[in-house]
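Reckoned from all heavy atoms, side chains included, excluding hydrogens, waters and symmetry mates. Residue numbers start from 1 in every chain, and the chains themselves are labelled A, B, ... in the order their sequence lines are given, proteins ahead of strands. Keep in mind the model is a prediction, meaning the values are calculated, not measured.
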Protein chains: 2
Amino acid sequence: MVQYTRTAFDASFAALSDATRRGVLEQLGRADASITDLAGKFRMTLTGMKKHVGVLEQAGLVTTEKVGRVRTCRLGLRRLEEEAAWIERYRQLWEARFDELDQVVEELKRKEKADGRKKRE
Amino acid sequence: MVQYTRTAFDASFAALSDATRRGVLEQLGRADASITDLAGKFRMTLTGMKKHVGVLEQAGLVTTEKVGRVRTCRLGLRRLEEEAAWIERYRQLWEARFDELDQVVEELKRKEKADGRKKRE
DNA sequence: TAGATACTGAACCATATGGTTCAGTATACC
DNA sequence: GGTATACTGAACCATATGGTTCAGTATCTA
């Protein structure tokens, strides 16, 4: 993939792009869970779930701690502040852009009407 | 990858996980642009940029229209409403979860103090 | 009509993703 | 000590990602 700089920002959006991982986050929002718990809940092998948790951990969305033979997963420190901010900013940009386009359309309508009048003259 | 259901929701988070694509969205927020414009701005081959635009288009974040030999890209209809909503909901979950943990910590502190008193008795 | 411009598609490369199985290792329990 | 449980790592598979080059095709423009 030849990705040069893979920021935590990039990583968290990537982490959120999978339904299973979003589900895991929601689950951990309710209670901490072991790999076995999560694998059971999402009907997947331990190895598979371990990978998902790894992706979430890389993104800072989850932290884990192994005590005895069980690894407990809990929500990490990253609380999607920047991500929320980016999306909000984008939404404003989007609104502004479409307002602008609306104005162009209005302008065209106005001109058309004027042309119509001219033709009829 | 054996992905069964790749929703537009998944796709837009995936689309946002790349800095170049986020940049393209910001750019298109300011003005429509051709593939050549974007490729120039982000120092990339036309083919490379075409692929990024394809990903954004798949996600509904961009629409394109080819007139003559130029393909013009503009912001699509998807305005990240659901995505913003998911993140907001998560942030609330996160807050609630950490408040809960704080309470547990408080509880432990309280107990410890009580134990301390007991020992001193 | 010739040449420049704009895109497009196929092929290739390296790595990531989303899974699996299989073969461990470490810990808990009887 | 022996067995069950919980995780882990390696290897594998198919597809996606993020690029590239190269060889077109289509459209402007002089």
Whole-Å distance, B:Arg71 CZ to C:dT5 C1', equals 16 Å

Distance in angstrom units between A:Asp10 CG and D:dA16 P, rounded
21 Å

For atom CZ of B:Phe13 and atom P of D:dT17, their distance in whole Å
16 Å

Select from A:Gly68 and A:Ala14 the residue whose nearest nucleotide in DNA chain C is closer to the 5' end of that strand.
A:Ala14

Short side-chain N/O contact from B:Arg21 to OP1 or OP2 of D:dG18, under 4.0 Å:
yes

Mind calculating the distance between CD (B:Glu65) and P (D:dT27) to the nearest angstrom?
15 Å

How long is the line joining CD1 of B:Ile35 and P of D:dT27, in whole Å?
16 Å

When the distance from NZ of B:Lys50 to P of D:dG18 is rounded to whole Å, what number comes out?
16 Å

So does B:Lys66 get a side-chain nitrogen or oxygen closer than 4.0 Å to the phosphate oxygens (OP1/OP2) of C:dA6?
no

Choose from C:dT8, D:dT8, D:dG18 the nucleotide whose nearest atom is closest to any side-chain atom of B:Asp18.
D:dG18

Do A:Thr47 and D:dG9 have a side chain to base donor-acceptor pair shorter than 3.5 Å?
yes

Just to be sure I understand the rule, does A:Leu46 reach a base, reach only the sugar-phosphate, or reach nothing, if contact means heavy atoms closer than 4.0 Å?
base

Is there side-chain contact between B:Glu83 and B:Arg78, with heavy atoms separated by less than 4.5 Å?
yes

Examine C:dT17: is either OP1 or OP2 under 4.0 Å from a nitrogen or oxygen in the side chain of A:His52? Give yes or no.
no

Cationic N near anionic O, under 4.0 Å, B:Asp10 to A:Arg21:
no

Within a radius of less than 6.0 Å around CD of A:Gln58, do more than 12 heavy atoms belonging to other residues, nucleotides or ligands occur?
no

Under 4.0 angstrom between B:Arg69 side-chain N/O and D:dT25 OP1 or OP2
no

Of B:Asp37 and A:Thr45, the one whose closest nucleotide on DNA chain C sits nearer the 5' end is B:Asp37

Under 4.0 Å, heavy atoms only, any strand: does A:Lys51 hit a base, just the sugar-phosphate, or nothing?
base

How many Å lie between CZ on A:Arg43 and C1' on C:dG18, as a whole number?
18 Å

I'd like to know whether CD of B:Gln27 has more than 12 heavy-atom contacts from other residues, nucleotides or ligands below 6.0 angstrom.
yes

Anything under 30° is parallel, anything over 60° is perpendicular, the rest tilted; go ahead and classify B:Trp86 against B:Tyr90.
parallel

